[in-house]
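Shown next, in structure tokens, is the structure this report addresses.
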Amino acid sequence: MSPTNQEQQFEQQRVDQVVDHIHTRIESLEEQTSGSKSEMVDIRKNFWDDVTVNFEDSAESAETYASLKQQAEVLSERERTYRQAEVQLRTLKKLQHSPYFGRIDFTEEGQSDTDLVYLGIASLRDKNDEDYLIYDWRAPISSLYYDYPPGPAQVETPSGTIQGELQVKRQFVIRDGQIVSMFDTGVTIGDELLQEVLGKHSDAQMRSIVATIQREQNRIIRNVRSRLLIVQGAAGSGKTSAALQRVAYLLYRFRGTLSADQIVLFSPNPMFNSYVSTVLPELGEENMQQTTFQEYLSYRIGRSYTLEGPYEQLEYSLTAMDHPEYEARMAGIRYKASSDYVTLIERYLTYLGGQGLIFRDIMFRGEPVAAAAAIRDYFYALDRSNSIANRLRLVAEWLLELLRKREASIRRDAWVDEEVELLDKETYLKAYQSLKNKKGYSSSSFDDFDRERELLGNYVVREHFKPLRSQVRKLGFINIRACFRHLFTDPQFVRNLAADCPNGAGLPSGWEVIAEQTMERLNRRVMAYEDATPFLYLVERIRGFQMNTSVRHLLIDEAQDYTAFQFAFLMRLFPRSRVTALGDLNQSIHAHTAAQGSGFDALTERFGTEETEMIILTRSYRSTRPIVEFTSRFIEGGDLIEPFNRDGAKPVLTAVTDKEELHRSILHKIKLLRSEGCHTIAVICKTAEESVQAHEALSPHEELRLIQTETTTFEPGNVVIPSYLAKGVEFDAVIVYDASADSYGRENERRLFYTVCTRAMHELHLYAVGAGWSPFITGDAKRLALVEA
């Protein structure tokens, strides 16, 4: 429904008034921040001039302390005022161009007055600070805009549920203080506004979607009940965008008890972190902590092993089919990602609680302070109802006492005298200073030769024992690497373990070959990606988990690609955290995704049904209708995906005879797409190797950036990118470098092919070199495309 001219004039007048008020506030705040900044500079410059410093006696010292404290508090208060004003100023500068995007008229049940509520990215009160000119989109009243059409409606508030009637639901597109368009709409955010937003070209960062949040996305954003919220969404359904708005909502809803540094996002790669980094600042919130699971693994074990990454593993799965060890490696990858392997490791930990832990000798000058066998006997004599980690701490205390006794017994040994005699001047002075700071020492002690020798001897011995004490405190007397290796050196032992598992989990056929491959890598100090998390899990369960209890909310993007072991590890690492897991099972592209317990299953098992909620998003907004209809034919259940009604060109299928023709055709296509206004064009290759080859052929003729696993920032422009790095990102136009049966012909590549093609917003062009088209492009799909050759 289109508002009347009179309504449009009213709304524009209101926009003008609000913008004028914003400009007035901006001027006032700029003056205030300028004054606060000058005051801060003056206080810092004259800080010591305004403080009386006198430490002659306790009274003067107390007065000095009070003076310092007062001056520091004044400075702190000025800095706090300045920061608050700066935050308000940034928000107002955003609002001045587009103060709000929606309006609802709500009449509460039993009331005659109707409230006019205007929604924007932040709240704004009038000059008297009494009435709201704009409501923050996260305020309870704002949920009416996202959840209801005109008619009966209700809103949950801190004081209870309010029933009423939604009279008007109006949307605005405001640019530079002018209403470009406005319209009244029903239950969903109107197609006109979505068309306007989705019709834009892609850029280097994901955009805020607060003006176009749909009802199902609003359920994700405002969910505060579930400890585990799973969002299963089709490609382009807005699941990641909704999750980021969810963070902004949680920070608003729980302001004062939840801060951005208590929220962690695990994303698929560093480039994706760059891509989403501007969403929260756009909404006036600080960015949460962002990392990748691989970065965490590298931080923990990267100094001990050469660590394989997930994309190296995926590259292997896509390129090494002809290697003789390929099938065994793939079977190992799938098994080590499964819930069965988690069960096996838990069974192994139970076994180690009663026997089998491998200890190291504690040696000093070639002699044992405590032999490995003695440490083992002491450990297993302790109460077995205690965890392994707690018993190891008791062992550490026992060993430290042994070290203390050995240290005391050798202080008069001849070698100590020899080392005292050989102390250089620098070490002597260091010892002198160290001893001077200790209780019971006086400078006259060094006037007595015997006393000096005793003190220096004690110092020498203590320095020798320092690394041993450190080793014991770090539980270095246990050889966890050897415990891990034992799983791959004795196949029959592992088969017996598997047979004893509660669920009867069996080993894959060919376990001997899998174990042999694993040992070969470990002997080279190479940690395969599939082994990294189980190894670290074993380390933590033996030594005691280094839990992070400060993190209160965990977001896991592309969660369908996580293994059962990775979920088990994360849940122990963040025991107090709620979890939002986002993913699409149709985009499960990693080698392990056929494993039992991968996907979301392993995660839901850990929380249980009562604390879990799943929201399924079936509507795709990223791509045009022709692209969605074409790509949905590639996957099972694709008929359930609902394309947003945004028209566009059909996908184009072009067959070429060789690589030379392919490169000529792609270069011509890029020039054409650029002339049509595409800002981001991606040539998507299957592998990193193919991407390098394509870039070498195309880049001399066209400016193209090569995206690799090391790439940390996402920038606008034209790129050549491997298939797996494109996941989670969108482009105006996608060129699939080779969509032939030779490139995407195996069934386990179906989801990868679907992922590649669904990166396109407006244009999708596929090429096939020599061989026929990928079998995933069925006759039904071909009928929905434009076939050029």
### Qualifying residues under side chain to side chain donor-acceptor pair (under 3.5 Å), relative to Glu696, sequence neighbours excluded
none
### Query
Mind checking whether Val719 and Val683 have side chains closer than 4.5 Å, heavy atoms only?
no
### Task
Answer yes if the side chains of Ser304 and Arg525 hold a donor-acceptor pair under 3.5 Å, and no otherwise.
no
### Task
Could you pull out all residues at least two apart from Tyr305 that satisfy ring-ring contact (aromatic ring centres under 6.0 Å, His included)?
Phe535
### Summary
Applied to residues 288-304, the salt bridge (Lys or Arg N to Asp or Glu O under 4.0 Å) test, sequence neighbours excluded, yields Arg300-Glu540
### Query
Are Glu747 and Arg750 within salt-bridge range, i.e. N to O under 4.0 Å?
yes
### Query
Aromatic ring centroids of Tyr744 and Phe776 under 6.0 Å?
no
### Message
In the structure I gave you, are the side-chain heavy atoms of Val579 and Leu229 within less than 4.5 Å of one another anywhere?
### Response
no
### Task
Consider only side-chain N and O atoms of Thr631 and Tyr754, and report whether a donor and an acceptor are under 3.5 Å apart.
no
### Message
Is there a side-chain contact between Val628 and Ile641 in this structure, where contact means two heavy atoms from C-beta onward sitting under 4.5 Å apart?
### Response
yes
### Intermediate values then yes/no, side chain to side chain donor-acceptor pair (under 3.5 Å), Asp742 and Ser740
CA-CA 5 Å; Asp742 286 347; Ser740 70; 4.8 Å; no
### Task
Enter the distance from Asp647:CG to Thr624:OG1 here, rounded to the nearest 0.5 Å.
7.5 Å
### Task
May I ask you to decide if Gly238's main-chain N or O and Ser241's side chain share a donor-acceptor pair within less than 3.5 Å?
no
### Query
Side-chain contact, heavy-atom cut-off 4.5 Å: Val720 with Ile707?
no
### Task
Of all the heavy-atom pairs spanning Trp137 and Ala248, show the shortest one and how long it is.
CZ2-CB, 4.0 Å
### Query
What pairs with Asn548 under side chain to side chain donor-acceptor pair (under 3.5 Å), at least two apart in sequence or on another chain?
Ser550
### Query
Can you find a heavy atom in the side chain of Glu558 that is under 4.5 Å from one in the side chain of His590?
no
### Message
Is the shortest side-chain heavy-atom distance between Val656 and Tyr767 below 4.5 Å?
### Response
yes
### Message
Please verify the inter-ring angle class for Tyr299 with Tyr296; under 30° counts as parallel, over 60° as perpendicular, anything in between as tilted.
### Response
tilted
### Message
When you compare the side chains of Asn269 and Tyr311, does any donor N or O come within less than 3.5 Å of an acceptor on the partner?
### Response
yes
### Electrostatic pair Arg329-Glu308, nearest N-O below 4.0 angstrom
yes
### Query
Does the side chain of Pro651 reach to within under 4.5 Å of the side chain of Leu786, using non-hydrogen atoms?
no
### Task
Mind checking salt bridge (charged side-chain N to carboxylate O under 4.0 Å, His left out) for Glu763 and listing every partner two or more places apart, or none if nothing turns up?
none
### Message
Please report whether the ring centroid of Phe266 lies less than 6.0 Å from that of Tyr562.
### Response
no
### Message
Within the structure provided, determine whether Val734 and Ile684 are in side-chain contact (heavy-atom separation under 4.5 Å).
### Response
yes
### Query
What residue pairs, at least two apart or across chains, pass salt bridge (Lys or Arg N to Asp or Glu O under 4.0 Å) with a residue in residues 309-324?
none
### Query
Mind checking what makes side chain to side chain donor-acceptor pair (under 3.5 Å) contact with Glu216, not counting sequence neighbours?
Tyr621
### Query
Closest approach of Arg175 and Ser98, non-hydrogen atoms and distance?
NH1-OG, 4.4 Å
#### Entry: Short side-chain donor-acceptor distance under 3.5 Å, Thr518 and Lys336
yes
### Query
Mind checking what makes side chain to side chain donor-acceptor pair (under 3.5 Å) contact with Thr687, not counting sequence neighbours?
none
### Task
Would you please name every residue forming a ring-ring contact (aromatic ring centres under 6.0 Å, His included) with Phe574, sequence neighbours left out?
none
### Task
Only pairs at least two apart or in different chains count here, so list each salt bridge (Lys or Arg N to Asp or Glu O under 4.0 Å) that has a residue in residues 632-642.
Arg633-Asp780
### Message
On the six-membered ring of Phe644, is Arg619 placed so that its NZ or CZ lies under 6.0 angstrom from the centre and within 45° of the ring axis?
### Response
no
### Query
Taking only residues two or more places apart in sequence, or in another chain, which ones meet Phe565 in a ring-ring contact (aromatic ring centres under 6.0 Å, His included)?
Tyr341, Tyr537
### Query
Within the side chain of Ser298, is there an N or O that forms a donor-acceptor pair under 3.5 Å with the backbone of Gln294?
no
### Query
Just checking, is any N or O donor in the side chain of Asp584 or Gln560 under 3.5 Å from an acceptor N or O on the other one?
no
### Message
Checking His762 against Arg646: is there a side-chain donor and acceptor pair closer than 3.5 Å?
### Response
yes
### Task
Inspect the surroundings of CD in Glu660 and state if more than 12 heavy atoms from other residues, nucleotides or ligands are less than 6.0 Å away.
no
### Message
Whether the Glu530 and Gln313 side chains hold a donor-acceptor pair (N or O, under 3.5 Å, no angle test) is what I'd like checked.
### Response
yes
#### Entry: Residues which pass ring-ring contact (aromatic ring centres under 6.0 Å, His included) with Tyr737, listed by chain and number, not counting sequence neighbours
His663
#### Entry: Side-chain H-bond candidate by donor/acceptor type, Thr654 with His765, under 3.5 Å
no
### Query
Got a sec: does the CZ of Arg625 have more than 12 other heavy atoms crowding it under 6.0 Å?
yes
### Task
Verify salt bridge (charged side-chain N to carboxylate O under 4.0 Å, His left out) between Arg759 and Glu730, making sure each step is shown before the conclusion.
CA-CA 5 Å; Arg759 301 307 94 201; Glu730 60 189 25; over 6 Å; no
#### Entry: Minimum heavy-atom distance Glu690-Cys685, with the two atoms named
OE1-CB, 3.3 Å
